[in-house]
Each structure stands twice: as structure tokens, then as C-alpha cells.
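Note that the structure is predicted; figures quoted are calculated from it, not measured. By convention in this document, chain letters (A, B, ...) are assigned in the order of the sequence lines, proteins followed by strands, and residues within each chain are numbered from 1.
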2 protein chains.
Amino acid sequence: MVEDGYAAVTTRRLASEVGVNSTLVYYYFETMDELFLELFRRGAQRSLERQVEVLSSPKPLRGLWDLTHDLTSTTLTNEFIALANHRKVIRSEIAEYSKKFRRMQLDRLTSVLEGYGVDADEWPASAVILLMASASRFMLIEEAFDVDIGHAETVALIERLISRYETDSR
Amino acid sequence: MVEDGYAAVTTRRLASEVGVNSTLVYYYFETMDELFLELFRRGAQRSLERQVEVLSSPKPLRGLWDLTHDLTSTTLTNEFIALANHRKVIRSEIAEYSKKFRRMQLDRLTSVLEGYGVDADEWPASAVILLMASASRFMLIEEAFDVDIGHAETVALIERLISRYETDSR
DNA sequence: GTCTATACCGAGATAGAC
DNA sequence: GTCTATCTCGGTATAGAC
């Protein structure tokens, strides 16, 4: 799915990569939709656990930023979004998880930013979170196309802002 | 392509929507890859022209921001990105156009921001452009899933920053 | 230009033997 | 659990009549 797009994930291809018969897929999954759903849930659950971890760490802002830098999970997310465009059952599942992720981030970062003395009227936590997530996702997509104009500057800008509140130990 | 994803764009479907025979597609296009390429080029060219327009206007920052808010072209772009994952010929075409777009934006906004008195060390034009584009694209994707946590705050934040330099006349 | 006929492939899915 | 055999559908693509 990451390498060749969601359309490349077929019963035959799956089976041949594992070295079994293609119909065996239907012994483990009702339909291909179910397979995609389980795949999504598994990845989302893992990401959720990692997010709980970094949000409760002493540097939640930096942790969140690092987390959104995971190439594989971002590529996968993009494929699921594209998949959701013509597999409607996937759509609601993604929506629910997205909201869950965002609410957790918001819950934690609202108080964290307040503690850092950030003016919530000018830089609301919800906007800060969204800007970080979107920049990260956007750059990873572009990298896959060897487009990297402004990437270094953007990363530097964001990390400079983070370092203002959470010292860089890397 | 926008409504049901790129996988729904097939010879049979195209033909049936227009009311002609499916094989007629091959009279106008060598292969389906060619069709997708021409579709992409046409849309990209149109967007490029609109960008030239707003960049040479008196409010290039706001113009660019408004431009990235076009739902259809963003959805389409996302589909092309997903398509590029398993149609390799599409990939280089997208990459070239992306760079072209970005270079034009950078050329213009570097001097514009300098004229506004923005500190280029703290807020480089390349990063400002990327943050705007990514936030806009990200929100439009989420909207399709009815996820809008933090959207209003982010839009307000960005428009507030723009208004600092280009007065809002809307 | 637009059609019919047709080839070929690979997708999802089921029945049933082992 | 894993397989073979098989169905149906719809995809890309070509040859050739009109």
C-alpha cells in the first residue's frame, strides 16, 4: 500500500507475496473492505498509543512534532484518505479516529501552552496543532516527489518556535 | 475523479457519462496514462495562470491564500498524488509543476514580505508560503471527512497575520 | 469520428475437496 | 487451514466495419 498505492492491494497480490492461495484471504476476512478496515484500525491504534506516550512526556510539543514526522504512517494515511474516496465504509472510520487524535492533542496542549505563557487569543492550541500537523504531512508528501523547496526553512522555523518553550536535547 | 476517486475514472465510465462507446477513448488518447497526463496539465496550466494573476495583484499574500482555498482543485491534486503512487509517468509531471508553482510564489513573495518589513531570518518567505499552502490543503481534506477541529481558529490566525500587512477589503 | 466485436487480463468472491 | 475450480464482472486495448 505504501509502495504502490492502495489499488495494488488485491487478494492475488497479497497471497502471492505471502506465498499462499488468493482465496485464503476470504477465510480470514469477510471482504476486502474488512481487510482494509482492520489494517487501518491496527495502525491507528498503534499511533494512538504512541501519541498518549509523547503527550504525557515532559516535552509534548516536540514529541508531537517528531511523531508527525513518521514517513510510513503518513504515506499510509494518505492512501487511506484516497481509498476512502471510493470505499465509503472507510470514510467514517477515518473521521472518528481523526477526531479522537485531535481531541487528545487539544486536551493536553491547551494547558501545556498556557503553562508556557503562550497567548491563547493569538496562538490557540488548536491552530498550533493543526499548523504543525499540516506542515509535516505536506512536506512528507512533497519529499516523495523530490520537491523540497522551503522545507529546511519551515522545519527550522517550527523547531525554533518549539525550542523557545521546550529545550532541544537532541 | 473528484467524486469517486481516480480509480473510478475508466474508459467504460467515461464513455457512458458522455454517452459514447468506450473504445472511442483510444481515438483521442493513446492510453489512459496519456488521458490522465493531459487532464493534469490542463488543470495545472489553468491554476498557474490564476497564480500569475494574484501574485501580480496589490495583495499577493491574500490572493495566494484565497487561491489555495479552492476545494475542487485541491481534491483533484490529492487524487493525482495518490494516482502517481502507481502510475509512475504522472509522478515526474506533478513534481515539475509543483516546483514551478513554488518558485513563482517564492520569487514574488520574497520581495513582497521584505517590503512589508517582515524579518526574513525569523519568517522566511519559503516557510510562510509552505505553511499557508499546507494548512489550507490539510483543512480541505479534513472537511471532506467532516472533521473541523481547530479549522476556524487556524483560518482566523492566518487571516489575522495577513491583515497585518494587507488590509482586508472583503 | 464512431461504432461492433472481441481478446485478454485480473479483480472480488463462492463452493467444495482435502 | 489451505487448496482447486470456477463464476462474474469490468478493466485496458486492438482490429476493422461503417
With heavy atoms under 4.0 Å as the rule, sort [X] into base, sugar-phosphate or nothing.
{"X": "B/Thr10", "answer": "sugar-phosphate"}
{"X": "B/Thr31", "answer": "sugar-phosphate"}
{"X": "B/Tyr28", "answer": "sugar-phosphate"}

Roughly how many Å is it from [atom1] in [X] to [atom2] in [N], rounded to a whole number?
{"X": "B/Met32", "N": "C/dG10", "atom1": "CE", "atom2": "P", "answer": "18 Å"}
{"X": "A/Leu24", "N": "C/dA13", "atom1": "CG", "atom2": "P", "answer": "15 Å"}
{"X": "B/Arg87", "N": "D/dT12", "atom1": "CZ", "atom2": "P", "answer": "7 Å"}
{"X": "B/Phe29", "N": "D/dT12", "atom1": "CZ", "atom2": "C1'", "answer": "15 Å"}
{"X": "A/Tyr6", "N": "C/dA11", "atom1": "OH", "atom2": "P", "answer": "15 Å"}
{"X": "B/Leu14", "N": "D/dA13", "atom1": "CG", "atom2": "C1'", "answer": "15 Å"}

Is the shortest heavy-atom distance from the side chain of A/Asp70 to the side chain of A/Arg50 under 4.5 Å?
yes
Using a cut-off of less than 4.0 Å, is there contact between a side-chain N or O of B/Thr11 and OP1 or OP2 of D/dG11?
no
Look at the side-chain N and O atoms of B/Tyr27 and state whether any lies under 4.0 Å from the OP1 or OP2 oxygen of C/dT2.
no
Hey, does the side-chain of B/Thr23 have a donor or acceptor N/O within less than 3.5 Å of a partner on the base of C/dT2?
no
For the base of D/dG11, is there a side-chain donor-acceptor partner from B/Arg12 under 3.5 Å away?
yes
Report yes or no: does B/Gln51 contribute a side-chain atom to a donor-acceptor pair with the main-chain N or O of B/Phe101 at less than 3.5 Å?
yes
B/Tyr26 has its side chain closest, among C/dT2, D/dT12, D/dC3, to D/dT12
Which of these nucleotides, C/dT4, D/dT12, D/dC3, is closest to any side-chain atom of B/Asn21?
C/dT4
Mind running side-chain hydrogen bond (donor to acceptor under 3.5 Å, both in side chains) on B/Thr31 and B/Asp33 for me, showing each step along the way?
CA-CA 5 Å; B/Thr31 61; B/Asp33 275 10; 5.1 Å; no
Just checking A/Tyr6 against A/Phe36, ring centres under 6.0 Å apart?
no
Checking side-chain polar atoms at under 3.5 Å, does A/Arg137 have a donor or acceptor matched by the opposite partner on A/Thr77?
no
